[in-house]
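As the structure is a computational prediction, the values presented were derived from the model and not from experiment. For reference, positions follow the sequence shown, starting with 1. In what follows, every heavy atom counts, from backbone to side chain, and hydrogens, waters and symmetry copies are set aside.
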Amino acid sequence: QVQLVESGGGLVQAGGSLRLSCAASGLTFSTNAMGWFRQTPGKEREFVAGISRSGGSTYFADSVKGRFTISRDNAKKTVYLQMNGLKPEDTAVYYCAGRSLGLVSTTNRAYDYWGQGTQVTVSS
């Protein structure tokens with residue numbers, strides 16, 4: 001069965017950095033566009049970043065452009081989210097998601113697979 005397992009979350013001070021990882025199993029990773037989303041209590045899950053199947057194209061929410069980067073290693077079946085210049089408003093549970101045979105989408109309903117999430121807390 002498909003599993004996406006996030007890691008790397010934690011508590012960091014404003015201005016700091018974290019690197020999230022998402023390890024995939026049970027799927028043909030290279031045929032999945034991958035995305036990172038985040039969610040805070042009472043709000044809908046929002047798109048943060050996405051990367052195409054080959055890794056050649058990346059997409060970012062305006063709120064994280066210039067601070068976050070996304071990358072993938074298809075041989076390791078892992079996608080990464082490097083977060084720099086973190087702000088308190090980046091505090092959320094971060095989820096990775098896979099979209100089989102599709103393009104990157106900013107809509108959470110477009111994704112087929114989801115991880116369990118990892119908490120990121122940024123203190124001021």
Side-chain angles (χ1 to χ4, degrees):
Q1 90 231 34
V2 175
Q3 277 196 311
L4 300 177
V5 180
E6 301 97 335
S7 60
L11 173 64
V12 64
Q13 288 189 329
S17 299
L18 282 175
R19 188 195 197 204
L20 304 184
S21 299
C22 172
S25 61
L27 77 168
T28 305
F29 185 72
S30 60
T31 64
N32 279 259
M34 299 299 294
W36 285 96
F37 288 75
R38 65 187 181 189
Q39 190 170 24
T40 54
K43 292 192 175 181
E44 191 163 340
R45 202 167 290 188
E46 67 170 3
F47 175 80
V48 175
I51 188 165
S52 63
R53 288 171 276 178
S54 68
S57 298
T58 57
Y59 308 84
F60 299 93
D62 288 343
S63 58
V64 307
K65 274 180 187 173
R67 299 188 297 123
F68 291 12
T69 57
I70 186 171
S71 60
R72 66 189 294 162
D73 185 332
N74 284 348
K76 293 183 178 180
K77 297 186 178 182
T78 302
V79 60
Y80 305 97
L81 184 68
Q82 178 67 45
M83 306 186 293
N84 299 327
L86 283 161
K87 304 175 181 180
E89 51 263 43
D90 294 318
T91 295
V93 177
Y94 283 71
Y95 297 89
C96 90
R99 189 182 188 202
S100 180
L101 300 176
L103 303 176
V104 171
S105 173
T106 60
T107 304
N108 57 27
R109 294 173 187 80
Y111 288 79
D112 302 296
Y113 312 113
W114 290 89
Q116 82 290 349
T118 186
Q119 176 70 48
V120 171
T121 303
V122 184
S123 63
S124 57

Without swapping roles, check the side chain of [X] against the backbone of [Y] for a donor-acceptor pair under 3.5 Å.
X: Glu6; Y: Gly117; result: yes
X: Gln39; Y: Ala92; result: no
X: Asp73; Y: Ala75; result: yes
X: Arg67; Y: Gly85; result: yes
X: Thr107; Y: Arg109; result: no
X: Thr78; Y: Lys76; result: yes
X: Asn108; Y: Arg45; result: yes
X: Thr28; Y: Ser30; result: no
X: Asp112; Y: Ser100; result: yes

So which atom in [X] and which in [Y] form the shortest heavy-atom distance, rounded to 0.1 Å?
X: Val122; Y: Thr91; result: N-OG1, 2.9 Å
X: Met34; Y: Val104; result: O-CG2, 4.4 Å
X: Ser105; Y: Arg99; result: CB-NH1, 3.7 Å
X: Val5; Y: Gln116; result: CA-OE1, 3.8 Å
X: Asn84; Y: Ser17; result: OD1-OG, 2.9 Å

Straight-line distance of [X] [atom1] to [Y] [atom2], nearest 0.5 Å:
X: Arg38; Y: Leu81; atom1: CZ; atom2: CG; answer: 9.5 Å
X: Tyr113; Y: Leu4; atom1: OH; atom2: CG; answer: 9.0 Å
X: Leu20; Y: Met83; atom1: CG; atom2: CE; answer: 3.5 Å
X: Tyr94; Y: Trp36; atom1: OH; atom2: CH2; answer: 10.0 Å
X: Lys77; Y: Cys22; atom1: NZ; atom2: SG; answer: 12.5 Å
X: Ser25; Y: Gln1; atom1: OG; atom2: CD; answer: 7.5 Å

Task: Salt-bridge contact Asp90-Lys87 (side-chain N to carboxylate O under 4.0 Å) - done: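 No, no charged N to carboxylate O under 4.0 Å.
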Can [Y] be reached from [X] by stepping across I, L, V, M, F, W or Y side chains whose heavy atoms are under 4.5 Å apart?
X: Phe60; Y: Leu86; result: yes
X: Leu103; Y: Ile51; result: no
X: Trp114; Y: Ile70; result: no
X: Tyr95; Y: Tyr59; result: yes
X: Leu18; Y: Phe68; result: yes

TODO: Would you mind reporting whether Leu27 and Asn32 have side-chain heavy atoms less than 4.5 Å apart?
DONE: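 SC-SC contact between Asn32 and Leu27 confirmed.
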TODO: Using a cut-off of 6.0 Å, state whether more than 12 heavy atoms not belonging to Leu11 lie near its atom CG.
DONE: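 Enclosed.
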TODO: May I ask you to establish whether Arg72 and Tyr80 are in a cation-pi arrangement, using a distance under 6.0 Å from NZ or CZ to the six-membered ring centre and at most 45° from the ring axis?
DONE: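 No cation-pi geometry.
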- [ ] Measure the acute angle between the ring planes of Phe37 and Tyr111, then classify it against the limits of 30° and 60° as parallel, tilted or perpendicular.
- [x]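 Answer is perpendicular, since the angle exceeds 60°.
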